[in-house]
Amino acid sequence: QVQVVESGGGLVQAGGSLRLSCAVSGRTINFNTMGWFRQAPGKEREFVAAKSWSGLSTDYGDSVKGRFTISRDNGKGTVYLQMNSLKAEDTAVYYCTAGGASRASMKDRSYDYWGQGTQVTVSS
């Protein structure tokens with residue numbers, strides 16, 4: 001059984017930084033693409049960032065470009081999201097996801113496994 005576990009969420013002031021981590025375990029197959037989505041109250045789930053196994057394919061949502069950085073440690077089956085210059089509108093539950101696509105995808109249907117989410121709250 002695959003497990004996707006996020007950590008690192010919390011409360012931070014606007015302008016601050018947080019680093020989210022996500023570990024995928026339970027299978028010997030390495031997922032091609034790992035990424036992050038978020039969902040704020042009353043809003044649809046939004047693509048944040050994704051990175052392929054090779055690292056050659058990376059994509060970011062428009063609202064986070066230049067502020068967030070995704071990285072991964074394939075040996076550990078872990079993906080990270082470094083979030084800088086946080087804004088109140090970044091407040092959301094952040095979900096880690098993994099899938100078999102060979103390229104980073106902004107579409108949630110491209111991903112097969114999802115974590116339970118971690119809350120990020122940015123105070124203004």
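Please read all numbers here as calculations on a predicted model, not as lab measurements.
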Point to revise | Note: Lys87-Asp90 ion pair, threshold 4.0 Å (strictly below) | key: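 Salt bridge absent between Lys87 and Asp90.
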Please write out which residues are connected to Leu11 in a hydrophobic cluster, directly or through intermediates, given that two of Ile, Leu, Val, Met, Phe, Trp, Tyr count as joined at side-chain heavy-atom separations below 4.5 angstrom.
->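 Besides Leu11, the hydrophobic cluster comprises nothing; the residue is isolated.
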*Hydrophobic clusters join Ile, Leu, Val, Met, Phe, Trp and Tyr when side-chain heavy atoms are under 4.5 Å apart, directly or via other members; which others share one with Val93?*
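Members besides Val93, by chain and number: Phe37, Phe47, Tyr95, Met106, Tyr111, Trp114.
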Where the side chain of [X] meets the backbone of [Y], is there a donor-acceptor pair that is under 3.5 Å apart?
{"X": "Arg72", "Y": "Lys51", "result": "yes"}
{"X": "Gln116", "Y": "Val5", "result": "no"}
{"X": "Glu6", "Y": "Gly117", "result": "yes"}
{"X": "Thr97", "Y": "Tyr113", "result": "yes"}

Rounded to the nearest 0.5 Å, what separates atom [atom1] in [X] from atom [atom2] in [Y]?
{"X": "Leu86", "Y": "Ser123", "atom1": "CG", "atom2": "OG", "answer": "10.0 Å"}
{"X": "Glu46", "Y": "Gln39", "atom1": "CD", "atom2": "CD", "answer": "10.0 Å"}
{"X": "Ser57", "Y": "Asn32", "atom1": "OG", "atom2": "CG", "answer": "10.5 Å"}
{"X": "Asn74", "Y": "Met34", "atom1": "CG", "atom2": "CE", "answer": "8.5 Å"}
{"X": "Ser102", "Y": "Leu56", "atom1": "OG", "atom2": "CG", "answer": "11.0 Å"}

Where [X] and [Y] come nearest, the two heavy atoms and their spacing:
{"X": "Thr91", "Y": "Val122", "result": "OG1-N, 2.9 Å"}
{"X": "Ala92", "Y": "Ala40", "result": "CB-N, 3.8 Å"}
{"X": "Leu18", "Y": "Gly8", "result": "CD2-O, 3.9 Å"}
{"X": "Ser17", "Y": "Asn84", "result": "OG-OD1, 2.9 Å"}
{"X": "Ala88", "Y": "Ser124", "result": "CB-CB, 4.2 Å"}

Heavy atoms, side chains only, cut-off 4.5 Å: are [X] and [Y] in contact?
{"X": "Arg38", "Y": "Ser63", "value": "yes"}
{"X": "Val120", "Y": "Leu20", "value": "yes"}
{"X": "Cys22", "Y": "Val4", "value": "yes"}

### Derivation of the salt bridge (Lys or Arg N to Asp or Glu O under 4.0 Å) call for Arg103 and Asp59
CA-CA 9 Å; Arg103 296 182 57 81; Asp59 207 355; over 6 Å; no
Next on the checklist: Checking Arg19 now: which residues fulfil salt bridge (charged side-chain N to carboxylate O under 4.0 Å, His left out) with it, not counting sequence neighbours?
Outcome noted: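 For Arg19, no residue satisfies salt bridge (charged side-chain N to carboxylate O under 4.0 Å, His left out) once neighbours in sequence are set aside.
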Residues which pass side chain to side chain contact (heavy atoms under 4.5 Å, CB included) with Thr69, listed by chain and number, not counting sequence neighbours: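 Here the qualifying residues are Tyr60, Gln82.
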Do other residues, nucleotides or ligands put more than 12 heavy atoms under 6.0 Å from the [atom1] atom of [X]?
{"X": "Arg67", "atom1": "CZ", "value": "yes"}
{"X": "Gln119", "atom1": "CD", "value": "yes"}
{"X": "Gln3", "atom1": "CD", "value": "no"}

query: Listed by chain and number, what are the side chain to side chain donor-acceptor pair (under 3.5 Å) partners of Lys43, not counting sequence neighbours?
result: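 If we apply the side chain to side chain donor-acceptor pair (under 3.5 Å) test to Lys43, skipping adjacent residues, there are no hits.
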Which residues share a side chain to side chain donor-acceptor pair (under 3.5 Å) with Ser54, sequence neighbours left out |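 So Ser54 forms a side chain to side chain donor-acceptor pair (under 3.5 Å) with Ser52.
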message: Quick check on the hydrophobic clustering: are Phe68 and Tyr80 connected, directly or via other members, by side-chain heavy-atom contacts under 4.5 Å?
response: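 Unlinked, Phe68 and Tyr80 end up in two clusters.
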